[in-house]
There are 2 protein chains.
Amino acid sequence: MNNTSKPVYLKLRDIISESILDGEYGEGDMLPSVRAFAVEQGANPLTVAKAYQGFQEDGLVTVKRGVGMFVATGAKTKLRDAQRTDFIKNVWPPVERQMKRLNIKLDELLENEA
Amino acid sequence: MNNTSKPVYLKLRDIISESILDGEYGEGDMLPSVRAFAVEQGANPLTVAKAYQGFQEDGLVTVKRGVGMFVATGAKTKLRDAQRTDFIKNVWPPVERQMKRLNIKLDELLENEA
DNA sequence: ATCGCTGTATTATGGCAGTGAAGCAGTATG
DNA sequence: CATACTGCTTCACTGCCATAATACAGCGAT
């Protein structure tokens, strides 16, 4: 499948991103600890740490060693902008190319839902 | 990048797919030999063979041992249908989900080209 | 039959990514 | 200081990808 073949740490990264974007974790909130999140997701603590690592490199979370990881100020906006840019630059172009090549119209895609 | 991180044999597979879809290799035409295509693409013959292997398993190419590999009858349609199904089932849904989450409208995407 | 092309199988090697187990290091609280 | 939480570092295992050298097997033309 598409989701099955994806590395765990990337899937975790997506879960966290979505949680922040959806407001489940507001700015200043503490994220679940590495171990807690690992148990919750049935993953290895180290794998969770690897997922978290990317966020702190991007300045989306603030790390207080010995305390926890907190959603940085402006993280939601920053994350949204980054994902929008990535989508428009990297995700959409190949999708559009494939649609053209296969002659898939937007109509066919939008019918499939209410 | 997106293209750089992709395994070589998958990239080769894509190149061949596009060539067939675009009619560069018509039905009945012989595909480049493993060794020739390897030189052309700067890859290893074995890697090319691995790329070709998937096509014969899907019945898209006919193998004449000692002669070469030929585009099967109906391959173009078959390939097109398979890719359309895959696109609609596996590619589009996550794209659409992300567009909703990031509030990206189709208008923004379609402006960027003539 | 021989030569030159075709695809295929075998085995081995190097590199890299993902995952995992244990232990180290920092901080708050008592 | 002791405890219990936090993140983080180190070492090792696994599997996949790519490459390589070599050999084998089928076909066509000379």
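Every chain is numbered from 1 and lettered A, B, ... according to where its sequence line falls, protein lines coming before strand lines. Everything quoted here is computed from the prediction, not taken from an experiment.
Using a 4.0 Å cut-off, some side-chain N or O of Q56(A) falls inside it from OP1 or OP2 of dC8(D). Within the structure, a side-chain polar atom (N or O) of K50(A) is placed less than 4.0 Å from OP1 or OP2 of dG18(C).
Under 4.0 Å is where a charged nitrogen must lie from a carboxylate oxygen, and between D22(A) and R101(B) at least one such pair does. Remark: E108(B) engages R84(A) in a salt bridge, criterion side-chain N to carboxylate O under 4.0 Å.
Atom CE in M69(A) sits about 19 Å away from atom P in dC5(D), given to the nearest Å. If you take NZ of K64(A) and C1' of dC5(D), they are 15 Å apart, rounded to a whole angstrom. In this structure, F37(B) atom CZ and dT8(C) atom C1' are separated by 18 Å, rounded to whole Å. With rounding to whole Å, K11(A) atom NZ is found 15 Å from dA17(C) atom C1'. If you take CG of L10(A) and P of dG18(C), they are 6 Å apart, rounded to a whole angstrom. Atom NZ of K6(A) and atom P of dT19(C) are 12 Å apart (whole Å). With rounding to whole Å, Y52(A) atom OH is found 10 Å from dT6(D) atom P. Rounded to an integer number of Å, the gap from R35(B) CZ to dA20(D) C1' is 14 Å.
In this structure, V34(B) and V8(A) both approach DNA chain C, and ranking their closest nucleotides by distance from the 5' end singles out V34(B). Each of G68(A) and V67(B) lies near DNA chain D, and the nucleotide nearest G68(A) is the one positioned closer to the 5' end. Sequence order on DNA chain C of the closest nucleotides to A43(A) and R65(B) puts R65(B) first from the 5' end.
Y52(B) pairs with exactly one of L12(B), V61(B), I16(B) by the side-chain contact (heavy atoms from CB on, under 4.5 Å) rule, that one being I16(B).
Checking dG23(C), dT10(D), dG26(C) against every side-chain atom of L46(A), the shortest atom distance belongs to dT10(D). When the nucleotides dC8(D), dT8(C), dT19(D) are ranked by their closest atom to the side chain of N44(B), dT19(D) comes out on top. Minimum atom distance to the side chain of T47(B) is reached by dT19(D), of the listed dT27(C), dT19(D), dT19(C). Comparing atom distances between the M30(A) side chain and each of dC27(D), dT6(D), dC17(D) picks out dT6(D) as nearest.
Contact check for M30(B) versus M69(B): no side-chain heavy atoms found under the 4.5 Å cut-off. Two residues are said to be in side-chain contact when any heavy atoms from C-beta on lie closer than 4.5 Å; M99(A) and L106(A) meet this criterion.
As judged by a 4.0 angstrom heavy-atom cut-off over every strand, Y9(A) is placed among residues touching the sugar-phosphate backbone only.
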